[in-house]
Amino acid sequence: MANSSDYQLGSIMAEVKLKSKHLNSLKRIIEDALTERLQELQEGIKRTQERITFFENK
């Protein structure tokens with residue numbers, strides 16, 4: 001649970017506990033989801049950099 005200092009710093013930490021009889025499958029699902037999200041963020045950063053460059057050149 002977040003305490004008041006977490007809010008003051010502007011960050012909230014969450015903890016998730018998962019149990020599975022098929023640990024390797026669960027691990028793979030989580031890794032795939034994180035990889036996909038990382039790619040989305042990297043693409044967003046690239047688009048933002050391109051927009052910044054466009055406006056700087058304008």
Side-chain angles (χ1 to χ4, degrees):
M1 176 145 200
N3 62 38
S4 61
S5 65
D6 291 333
Y7 295 109
Q8 292 171 354
L9 296 174
S11 65
I12 299 173
M13 186 172 287
E15 181 177 319
V16 177
K17 292 184 180 184
L18 302 171
K19 292 183 181 182
S20 174
K21 293 181 182 180
H22 309 284
L23 186 58
N24 288 334
S25 296
L26 182 61
K27 181 180 176 184
R28 183 65 183 169
I29 290 168
I30 293 169
E31 287 174 344
D32 289 348
L34 291 173
T35 298
E36 182 177 336
R37 183 63 179 136
L38 178 59
Q39 289 173 346
E40 291 170 357
L41 292 170
Q42 289 172 330
E43 289 171 12
I45 290 168
K46 181 181 175 189
R47 284 191 305 271
T48 301
Q49 289 172 332
E50 289 170 351
R51 291 180 69 202
I52 290 170
T53 300
F54 173 78
F55 285 111
E56 286 176 340
N57 292 333
K58 204 168 183 184

Self-check item: Salt-bridge criterion met for Glu40 and Arg37 (N-O under 4.0 Å)
Solution: yes

Practice problem: Say whether Val16 and Leu34 are linked into one hydrophobic cluster, either directly or through other cluster members, by side-chain heavy-atom distances under 4.5 angstrom. | Solution: yes

Quiz item: Distance from Gln49 atom CD to Glu56 atom CD, nearest 0.5 Å?
Solution: 10.5 Å

Quiz item: Between atom CG of Asp32 and atom CD1 of Ile29, what is the distance when rounded to the nearest 0.5 Å?
Solution: 8.0 Å

Exercise. Evaluate the side-chain proximity of Asn24 to Arg28: yes if any heavy-atom separation is below 4.5 Å, no if none is.
Key: no

Quiz item: Hey, what do you get for OG (Ser20) to CD1 (Ile30), rounding to the nearest 0.5 Å?
Solution: 9.0 Å

Exercise. Flag the pair Lys17 / Lys19 as yes when at least one side-chain heavy-atom distance between them is below 4.5 Å, and no otherwise.
Key: no

